[in-house]
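Throughout, a chain's letter reflects where its sequence line sits, starting with A, and its residues are numbered from 1.
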There are 2 protein chains.
Amino acid sequence: MAARPSEAATPIRTAVADEDGIDFALIELVFFAYRDFTSDPDQILADYGFGRAHHRVLHFVNRRPGLTVAELLDVLKITKQSLARVLKQLIDTGHIVQVQGPRDRRQRELYPTAKGRSLALALARPQSRRIAAALQDAGIADRSSVEHFLKAMVNPELRAQIDILPRDSS
Amino acid sequence: MAARPSEAATPIRTAVADEDGIDFALIELVFFAYRDFTSDPDQILADYGFGRAHHRVLHFVNRRPGLTVAELLDVLKITKQSLARVLKQLIDTGHIVQVQGPRDRRQRELYPTAKGRSLALALARPQSRRIAAALQDAGIADRSSVEHFLKAMVNPELRAQIDILPRDSS
DNA sequence: CGAAATATGTCAGTAGTGTTGACGTAATTC
DNA sequence: GAATTACGTCAACACTACTGACATATTTCG
(Lines give C-alpha, C1' and ligand atoms only; values in the text may rest on other atoms or scores of the structure.)
Protein backbone atom coordinates (compact mmCIF):
# COMPACT_ATOMS: atom_id res chain seq x y z
CA MET A 1 0.00 0.00 0.00
CA ALA A 2 2.51 2.60 1.13
CA ALA A 3 5.23 1.31 -1.14
CA ARG A 4 6.59 4.74 -1.84
CA PRO A 5 5.60 6.97 1.06
CA SER A 6 7.18 9.93 -0.63
CA GLU A 7 4.52 10.07 -3.29
CA ALA A 8 1.77 7.66 -2.35
CA ALA A 9 -0.12 10.21 -0.30
CA THR A 10 -0.86 13.39 -2.19
CA PRO A 11 -2.83 15.87 -0.12
CA ILE A 12 -6.08 17.18 -1.58
CA ARG A 13 -6.31 20.86 -0.78
CA THR A 14 -9.82 21.60 -1.90
CA ALA A 15 -12.78 21.24 0.44
CA VAL A 16 -15.61 18.89 -0.46
CA ALA A 17 -18.64 20.85 -1.43
CA ASP A 18 -21.53 19.81 -3.59
CA GLU A 19 -19.80 16.84 -5.14
CA ASP A 20 -22.38 14.32 -6.20
CA GLY A 21 -24.99 16.64 -4.76
CA ILE A 22 -24.20 15.59 -1.20
CA ASP A 23 -25.78 17.72 1.50
CA PHE A 24 -22.76 18.17 3.74
CA ALA A 25 -24.25 21.18 5.49
CA LEU A 26 -27.20 19.27 6.92
CA ILE A 27 -25.12 16.18 7.67
CA GLU A 28 -22.87 18.29 9.82
CA LEU A 29 -25.71 20.11 11.49
CA VAL A 30 -27.28 16.84 12.55
CA PHE A 31 -23.98 15.93 14.18
CA PHE A 32 -23.61 19.25 15.99
CA ALA A 33 -27.26 19.36 17.03
CA TYR A 34 -27.17 15.87 18.49
CA ARG A 35 -23.89 16.49 20.25
CA ASP A 36 -25.30 19.44 22.15
CA PHE A 37 -28.75 17.94 22.55
CA THR A 38 -27.27 15.12 24.62
CA SER A 39 -24.88 17.30 26.58
CA ASP A 40 -27.52 18.69 28.96
CA PRO A 41 -28.72 15.36 30.35
CA ASP A 42 -25.15 14.05 30.36
CA GLN A 43 -24.21 16.59 32.99
CA ILE A 44 -27.11 15.64 35.24
CA LEU A 45 -26.45 11.94 34.76
CA ALA A 46 -22.86 12.38 35.86
CA ASP A 47 -24.10 13.37 39.33
CA TYR A 48 -25.75 9.98 39.64
CA GLY A 49 -22.88 8.02 38.17
CA PHE A 50 -25.08 7.21 35.22
CA GLY A 51 -24.42 7.41 31.51
CA ARG A 52 -26.36 7.88 28.34
CA ALA A 53 -27.49 4.27 28.35
CA HIS A 54 -29.21 4.76 31.70
CA HIS A 55 -30.98 7.78 30.31
CA ARG A 56 -32.41 5.88 27.37
CA VAL A 57 -33.66 3.03 29.52
CA LEU A 58 -35.21 5.42 32.02
CA HIS A 59 -36.81 7.40 29.24
CA PHE A 60 -38.55 4.49 27.58
CA VAL A 61 -39.64 2.88 30.82
CA ASN A 62 -41.30 6.16 31.70
CA ARG A 63 -42.87 6.48 28.30
CA ARG A 64 -44.12 2.93 28.21
CA PRO A 65 -44.59 1.69 31.77
CA GLY A 66 -44.99 -2.06 31.86
CA LEU A 67 -42.55 -2.62 29.00
CA THR A 68 -41.01 -6.06 29.07
CA VAL A 69 -37.27 -6.57 28.80
CA ALA A 70 -37.60 -7.98 25.29
CA GLU A 71 -39.62 -4.97 24.14
CA LEU A 72 -37.07 -2.61 25.59
CA LEU A 73 -34.25 -4.41 23.79
CA ASP A 74 -36.17 -4.08 20.57
CA VAL A 75 -36.69 -0.35 20.97
CA LEU A 76 -33.12 0.37 21.96
CA LYS A 77 -31.62 -2.01 19.41
CA ILE A 78 -28.95 -3.21 21.80
CA THR A 79 -28.13 -6.64 23.17
CA LYS A 80 -29.33 -8.21 26.38
CA GLN A 81 -25.91 -7.95 27.95
CA SER A 82 -25.62 -4.25 27.21
CA LEU A 83 -28.97 -3.64 28.84
CA ALA A 84 -28.35 -5.92 31.82
CA ARG A 85 -25.77 -3.74 33.51
CA VAL A 86 -27.58 -0.44 33.28
CA LEU A 87 -30.96 -1.91 34.09
CA LYS A 88 -29.56 -3.59 37.19
CA GLN A 89 -28.14 -0.29 38.38
CA LEU A 90 -31.41 1.51 37.80
CA ILE A 91 -33.25 -1.17 39.77
CA ASP A 92 -30.68 -1.20 42.57
CA THR A 93 -30.92 2.56 42.94
CA GLY A 94 -34.70 2.42 43.10
CA HIS A 95 -35.45 4.20 39.84
CA ILE A 96 -37.10 1.24 38.19
CA VAL A 97 -38.98 -1.77 39.55
CA GLN A 98 -39.69 -5.10 37.96
CA VAL A 99 -43.08 -6.72 38.20
CA GLN A 100 -43.72 -10.28 37.18
CA GLY A 101 -45.85 -10.42 34.05
CA PRO A 102 -49.50 -11.05 34.92
CA ARG A 103 -50.24 -13.38 32.04
CA ASP A 104 -46.75 -14.70 31.35
CA ARG A 105 -44.80 -15.04 34.55
CA ARG A 106 -41.53 -15.34 32.67
CA GLN A 107 -41.80 -11.73 31.66
CA ARG A 108 -40.63 -8.85 33.80
CA GLU A 109 -42.65 -5.71 33.35
CA LEU A 110 -40.63 -2.57 33.97
CA TYR A 111 -42.10 0.42 35.76
CA PRO A 112 -40.58 3.65 36.98
CA THR A 113 -40.78 4.56 40.65
CA ALA A 114 -41.54 8.09 41.80
CA LYS A 115 -37.78 8.57 41.97
CA GLY A 116 -37.35 7.26 38.44
CA ARG A 117 -40.15 9.40 37.10
CA SER A 118 -38.67 12.44 38.73
CA LEU A 119 -35.23 11.85 37.23
CA ALA A 120 -36.68 11.18 33.79
CA LEU A 121 -38.46 14.52 33.91
CA ALA A 122 -35.34 16.30 35.09
CA LEU A 123 -33.41 14.86 32.17
CA ALA A 124 -36.08 15.68 29.62
CA ARG A 125 -36.61 19.24 30.79
CA PRO A 126 -33.47 20.84 29.31
CA GLN A 127 -33.87 18.86 26.09
CA SER A 128 -37.44 20.01 25.70
CA ARG A 129 -36.41 23.57 26.40
CA ARG A 130 -33.70 23.36 23.77
CA ILE A 131 -36.16 22.05 21.20
CA ALA A 132 -38.74 24.70 21.99
CA ALA A 133 -36.15 27.44 21.77
CA ALA A 134 -34.85 26.11 18.45
CA LEU A 135 -38.35 25.94 16.98
CA GLN A 136 -38.99 29.48 18.03
CA ASP A 137 -35.62 30.68 16.82
CA ALA A 138 -36.24 29.07 13.44
CA GLY A 139 -39.66 30.67 13.31
CA ILE A 140 -41.37 27.31 13.04
CA ALA A 141 -44.88 27.78 14.29
CA ASP A 142 -46.00 24.32 13.29
CA ARG A 143 -44.08 21.62 15.12
CA SER A 144 -45.49 18.98 12.82
CA SER A 145 -43.17 19.70 9.90
CA VAL A 146 -40.09 19.01 12.01
CA GLU A 147 -41.84 16.03 13.54
CA HIS A 148 -42.60 14.67 10.12
CA PHE A 149 -39.04 15.27 8.93
CA LEU A 150 -37.47 13.48 11.89
CA LYS A 151 -39.87 10.59 11.57
CA ALA A 152 -39.01 10.25 7.91
CA MET A 153 -35.35 10.01 8.88
CA VAL A 154 -36.08 6.81 10.76
CA ASN A 155 -35.88 3.48 8.94
CA PRO A 156 -39.39 2.71 7.63
CA GLU A 157 -39.50 -0.73 9.23
CA LEU A 158 -38.78 0.81 12.63
CA ARG A 159 -41.38 3.56 12.52
CA ALA A 160 -43.93 1.23 14.02
CA GLN A 161 -42.11 1.53 17.35
CA ILE A 162 -42.65 5.24 17.36
CA ASP A 163 -46.35 4.98 16.83
CA ILE A 164 -46.75 2.71 19.81
CA LEU A 165 -45.49 5.44 22.05
CA PRO A 166 -47.94 7.92 23.49
CA ARG A 167 -48.29 11.13 21.55
CA ASP A 168 -48.49 14.54 23.11
CA SER A 169 -51.88 14.95 21.59
CA SER A 170 -53.26 11.98 23.51
CA MET B 1 -32.72 3.54 50.73
CA ALA B 2 -34.29 0.14 50.17
CA ALA B 3 -35.02 -0.39 53.84
CA ARG B 4 -38.34 -2.04 53.14
CA PRO B 5 -38.13 -3.46 49.65
CA SER B 6 -41.72 -4.58 49.88
CA GLU B 7 -43.02 -1.06 49.77
CA ALA B 8 -40.12 1.27 49.00
CA ALA B 9 -40.56 0.89 45.26
CA THR B 10 -44.09 1.53 44.13
CA PRO B 11 -44.46 1.16 40.38
CA ILE B 12 -45.96 4.09 38.49
CA ARG B 13 -48.28 2.68 35.89
CA THR B 14 -49.11 5.83 33.95
CA ALA B 15 -47.02 6.97 31.01
CA VAL B 16 -45.39 10.37 31.08
CA ALA B 17 -47.13 12.66 28.71
CA ASP B 18 -47.28 16.43 28.72
CA GLU B 19 -46.14 16.83 32.28
CA ASP B 20 -44.50 20.19 32.70
CA GLY B 21 -45.08 20.73 29.01
CA ILE B 22 -42.19 18.50 28.05
CA ASP B 23 -41.98 17.59 24.38
CA PHE B 24 -41.33 13.88 24.70
CA ALA B 25 -42.40 13.15 21.16
CA LEU B 26 -39.68 15.25 19.59
CA ILE B 27 -37.07 14.18 22.12
CA GLU B 28 -37.68 10.60 21.13
CA LEU B 29 -37.69 11.34 17.42
CA VAL B 30 -34.30 12.99 17.66
CA PHE B 31 -33.00 9.82 19.27
CA PHE B 32 -34.51 7.51 16.65
CA ALA B 33 -33.50 9.74 13.76
CA TYR B 34 -29.90 9.96 14.88
CA ARG B 35 -29.69 6.25 15.57
CA ASP B 36 -30.65 5.39 12.01
CA PHE B 37 -28.81 8.34 10.49
CA THR B 38 -25.53 6.91 11.78
CA SER B 39 -26.33 3.30 10.95
CA ASP B 40 -25.64 3.61 7.20
CA PRO B 41 -22.03 4.80 7.49
CA ASP B 42 -21.46 2.43 10.40
CA GLN B 43 -21.92 -0.52 8.09
CA ILE B 44 -19.44 0.80 5.55
CA LEU B 45 -16.94 1.68 8.25
CA ALA B 46 -17.05 -1.86 9.60
CA ASP B 47 -15.54 -3.09 6.33
CA TYR B 48 -12.50 -0.92 7.00
CA GLY B 49 -12.23 -1.74 10.68
CA PHE B 50 -13.15 1.83 11.44
CA GLY B 51 -15.70 3.29 13.82
CA ARG B 52 -17.73 6.41 14.17
CA ALA B 53 -14.78 8.37 15.45
CA HIS B 54 -12.88 7.73 12.24
CA HIS B 55 -15.87 8.94 10.27
CA ARG B 56 -16.02 12.23 12.09
CA VAL B 57 -12.33 12.90 11.67
CA LEU B 58 -12.45 12.00 8.00
CA HIS B 59 -15.50 14.16 7.50
CA PHE B 60 -14.04 17.31 8.96
CA VAL B 61 -10.65 16.89 7.32
CA ASN B 62 -12.47 16.67 4.01
CA ARG B 63 -14.62 19.66 4.80
CA ARG B 64 -11.76 21.79 6.00
CA PRO B 65 -8.55 20.57 4.39
CA GLY B 66 -5.53 21.99 6.13
CA LEU B 67 -7.14 21.84 9.55
CA THR B 68 -4.61 21.66 12.35
CA VAL B 69 -4.82 19.06 15.09
CA ALA B 70 -5.84 21.68 17.63
CA GLU B 71 -8.65 22.95 15.42
CA LEU B 72 -9.92 19.44 14.89
CA LEU B 73 -9.96 18.78 18.63
CA ASP B 74 -11.96 21.95 19.10
CA VAL B 75 -14.57 20.97 16.53
CA LEU B 76 -14.96 17.42 17.75
CA LYS B 77 -14.86 18.37 21.42
CA ILE B 78 -12.79 15.36 22.36
CA THR B 79 -9.40 15.01 23.96
CA LYS B 80 -6.05 14.71 22.27
CA GLN B 81 -5.68 11.10 23.30
CA SER B 82 -9.04 10.13 21.86
CA LEU B 83 -8.12 11.70 18.58
CA ALA B 84 -4.60 10.28 18.50
CA ARG B 85 -5.67 6.69 18.07
CA VAL B 86 -8.08 7.18 15.22
CA LEU B 87 -6.00 9.81 13.47
CA LYS B 88 -2.97 7.54 13.51
CA GLN B 89 -4.98 4.77 11.90
CA LEU B 90 -6.32 7.07 9.22
CA ILE B 91 -2.80 8.24 8.44
CA ASP B 92 -1.38 4.72 8.47
CA THR B 93 -4.04 3.54 6.04
CA GLY B 94 -3.36 6.43 3.72
CA HIS B 95 -6.67 8.25 4.10
CA ILE B 96 -5.17 11.37 5.63
CA VAL B 97 -1.75 13.00 5.33
CA GLN B 98 -0.05 15.46 7.61
CA VAL B 99 1.79 18.45 6.26
CA GLN B 100 4.02 20.62 8.34
CA GLY B 101 2.47 24.04 8.86
CA PRO B 102 3.94 26.58 6.44
CA ARG B 103 4.06 29.50 8.84
CA ASP B 104 4.23 27.61 12.13
CA ARG B 105 6.22 24.44 11.69
CA ARG B 106 4.93 23.03 14.97
CA GLN B 107 1.51 22.64 13.44
CA ARG B 108 0.43 19.65 11.40
CA GLU B 109 -2.04 20.48 8.70
CA LEU B 110 -4.35 17.60 7.91
CA TYR B 111 -5.39 16.82 4.35
CA PRO B 112 -7.35 13.98 2.83
CA THR B 113 -5.76 11.83 0.15
CA ALA B 114 -7.71 10.70 -2.90
CA LYS B 115 -8.46 7.54 -0.94
CA GLY B 116 -9.66 9.55 2.03
CA ARG B 117 -11.79 11.81 -0.13
CA SER B 118 -13.35 8.83 -1.77
CA LEU B 119 -14.25 7.17 1.52
CA ALA B 120 -15.66 10.39 2.93
CA LEU B 121 -17.96 10.68 -0.06
CA ALA B 122 -19.02 7.06 0.22
CA LEU B 123 -19.93 7.62 3.86
CA ALA B 124 -21.80 10.83 3.20
CA ARG B 125 -23.80 9.52 0.27
CA PRO B 126 -26.35 7.41 2.17
CA GLN B 127 -26.73 10.08 4.83
CA SER B 128 -27.41 12.72 2.22
CA ARG B 129 -29.89 10.45 0.51
CA ARG B 130 -31.67 9.84 3.78
CA ILE B 131 -31.93 13.56 4.45
CA ALA B 132 -33.18 14.33 0.96
CA ALA B 133 -35.78 11.59 1.18
CA ALA B 134 -36.93 12.81 4.58
CA LEU B 135 -37.27 16.39 3.37
CA GLN B 136 -39.31 15.23 0.44
CA ASP B 137 -41.40 12.89 2.55
CA ALA B 138 -42.15 15.71 4.96
CA GLY B 139 -43.05 17.97 2.07
CA ILE B 140 -40.39 20.47 3.00
CA ALA B 141 -39.55 22.35 -0.14
CA ASP B 142 -37.34 24.85 1.64
CA ARG B 143 -34.34 23.19 3.25
CA SER B 144 -33.52 26.36 5.14
CA SER B 145 -36.17 25.94 7.82
CA VAL B 146 -34.72 22.60 8.90
CA GLU B 147 -31.25 24.02 8.58
CA HIS B 148 -32.19 26.92 10.81
CA PHE B 149 -33.82 24.61 13.34
CA LEU B 150 -30.82 22.33 13.61
CA LYS B 151 -28.46 25.24 13.88
CA ALA B 152 -30.55 26.68 16.69
CA MET B 153 -30.22 23.37 18.52
CA VAL B 154 -26.47 23.91 18.76
CA ASN B 155 -25.04 25.78 21.73
CA PRO B 156 -24.82 29.46 20.74
CA GLU B 157 -21.14 29.74 21.65
CA LEU B 158 -20.33 26.84 19.32
CA ARG B 159 -22.23 28.06 16.27
CA ALA B 160 -19.17 29.94 15.12
CA GLN B 161 -17.58 26.60 14.20
CA ILE B 162 -20.40 25.87 11.82
CA ASP B 163 -20.04 29.14 9.98
CA ILE B 164 -16.37 28.49 9.32
CA LEU B 165 -17.27 25.45 7.31
CA PRO B 166 -17.97 25.82 3.60
CA ARG B 167 -21.59 26.22 2.68
CA ASP B 168 -23.28 24.41 -0.15
CA SER B 169 -24.07 27.75 -1.67
CA SER B 170 -20.42 28.68 -1.96
C1' DC C 1 -46.93 -35.69 30.22
C1' DG C 2 -42.62 -34.67 28.20
C1' DA C 3 -40.07 -31.96 24.77
C1' DA C 4 -39.31 -27.71 22.61
C1' DA C 5 -39.51 -22.97 22.65
C1' DT C 6 -39.46 -18.58 25.10
C1' DA C 7 -38.09 -14.81 28.53
C1' DT C 8 -34.86 -13.60 31.35
C1' DG C 9 -30.44 -13.56 33.87
C1' DT C 10 -25.60 -14.16 34.01
C1' DC C 11 -20.65 -15.25 32.92
C1' DA C 12 -16.42 -14.53 30.19
C1' DG C 13 -14.03 -12.14 26.90
C1' DT C 14 -13.38 -8.37 23.57
C1' DA C 15 -13.69 -3.77 21.01
C1' DG C 16 -14.37 1.19 20.34
C1' DT C 17 -14.48 5.56 22.22
C1' DG C 18 -14.02 8.53 25.62
C1' DT C 19 -11.57 10.41 29.99
C1' DT C 20 -7.39 12.35 33.11
C1' DG C 21 -2.72 13.22 34.08
C1' DA C 22 1.93 13.25 33.04
C1' DC C 23 5.92 13.78 30.25
C1' DG C 24 8.94 14.80 26.08
C1' DT C 25 10.23 17.39 21.93
C1' DA C 26 10.38 20.83 18.62
C1' DA C 27 9.30 25.45 17.43
C1' DT C 28 7.76 30.00 18.41
C1' DT C 29 7.26 34.03 21.19
C1' DC C 30 8.65 37.28 24.47
C1' DG D 1 17.49 32.45 27.24
C1' DA D 2 12.97 31.38 29.26
C1' DA D 3 8.23 30.62 28.77
C1' DT D 4 4.70 29.16 25.92
C1' DT D 5 2.62 26.54 22.32
C1' DA D 6 1.60 22.45 19.22
C1' DC D 7 1.94 18.00 19.02
C1' DG D 8 2.91 13.11 20.21
C1' DT D 9 2.85 9.53 23.49
C1' DC D 10 2.45 6.59 27.69
C1' DA D 11 -0.36 4.65 31.44
C1' DA D 12 -4.57 3.82 33.56
C1' DC D 13 -9.34 3.89 33.63
C1' DA D 14 -14.71 4.15 32.54
C1' DC D 15 -18.69 3.38 29.73
C1' DT D 16 -21.10 1.23 26.24
C1' DA D 17 -21.42 -1.91 22.99
C1' DC D 18 -20.55 -6.71 21.07
C1' DT D 19 -20.45 -12.26 20.76
C1' DG D 20 -21.15 -16.69 22.50
C1' DA D 21 -22.35 -19.72 25.95
C1' DC D 22 -24.99 -21.46 29.65
C1' DA D 23 -28.68 -21.69 33.52
C1' DT D 24 -33.45 -21.23 35.11
C1' DA D 25 -38.20 -20.72 35.08
C1' DT D 26 -42.23 -20.86 32.45
C1' DT D 27 -45.15 -21.61 28.64
C1' DT D 28 -46.52 -23.96 24.57
C1' DC D 29 -47.18 -27.74 21.80
C1' DG D 30 -47.18 -32.45 20.06
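- Between A:Gln100 and B:Asp104, the residue anchored closer to the 5' end of DNA chain D is B:Asp104, taking for each the nucleotide with the nearest heavy atom.
- Counting to the nearest Å, the P atom of C:dG16 and the CZ atom of B:Phe50 are 11 Å from each other.
- Note on B:Ser82: a side-chain N or O is less than 4.0 Å away from OP1 or OP2 of C:dT19.
- Applying the 4.0 Å criterion to OP1 and OP2 of D:dT27, one finds that A:Gln107 has every side-chain N and O outside that range.
- B:Ser128 approaches A:Ile27 most closely through the heavy-atom pair N-CD1, 4.0 Å.
- In terms of polar N and O atoms assigned as donor or acceptor, the side chain of A:Arg108 never comes within less than 3.5 Å of the base of C:dT8 in a complementary pairing.
- A sub-4.0 Å separation between OP1 or OP2 of C:dT17 and a side-chain N or O of B:His54 is present.
- Residue A:His55 is out of contact with every strand shown, counting any heavy-atom pair closer than 4.0 Å.
- Of all heavy-atom pairs between B:Glu71 and B:Leu67, the closest is CB-CD2, 3.3 Å.
- Taking every heavy atom of residues 83-90 of chain B and every atom of DNA chain C, pairs under 4.0 Å involve B:Arg85, B:Val86, by number.
- We find that CG of A:Leu73 is positioned 13 Å from C1' of D:dA17, with the value rounded to whole Å.
- A close approach under 4.0 Å does occur between a side-chain nitrogen or oxygen of A:Thr79 and OP1 or OP2 of D:dC18.
- A:Phe32 and B:Phe60 have tilted rings, their planes meeting at an angle from 30° to 60° on a 0 to 90° scale.
- Residue-level contact check: A:Glu109 touches neither bases nor backbone, having no heavy atom under 4.0 Å from any strand.
- B:Gln81 has its CD atom 9 Å from the C1' atom of D:dG8, to the nearest Å.
- Closest approach of A:Ile140 and B:Ser145 over heavy atoms only: CD1-O, 3.9 Å.
- Counting any heavy atom pair closer than 4.0 Å across all strands shown, B:Glu71 reaches no nucleic acid atom.
- With hydrogens and angles left out, the side chain of A:Arg106 and the base of C:dT8 share no donor-acceptor pair within 3.5 Å.
- For C:dT28, the OP1/OP2 oxygens have a side-chain nitrogen or oxygen of B:Arg105 closer than 4.0 Å.
- Atom CD1 of B:Ile78 is separated from atom P of D:dG8 by 13 Å (rounded to the nearest Å).
- Between B:His59 and A:Phe24, the ring-plane angle classifies as tilted under the 30° and 60° cut-offs.
- The CG-C1' distance, from B:Leu67 to D:dA6, rounds to 14 Å in whole Å.
- In summary, of the residues considered (B:Arg125, B:Arg129, B:Arg130), a side chain to side chain donor-acceptor pair (under 3.5 Å) with B:Asp40 occurs for B:Arg130 alone.
- If you measure from atom CD1 of B:Ile96 to atom P of D:dG8, you get 12 Å, rounded to the nearest angstrom.
- Ring orientation note: the planes of B:His54 and B:Phe50 are close to parallel, at an angle under 30° on the 30°/60° scale.
- Contact annotation: A:Arg56 reaches the phosphate of D:dA17 (side-chain N/O to OP1 or OP2, under 4.0 Å).
- Environment of NZ in B:Lys77: crowded, with over 12 heavy atoms of neighbouring residues, nucleotides or ligands closer than 6.0 Å.
- A:Arg52 places its CZ atom 11 Å from the C1' atom of D:dC15, with the value rounded to the nearest Å.
- A straight line from NZ of A:Lys80 to P of C:dA12 spans 16 Å, rounded to a whole angstrom.
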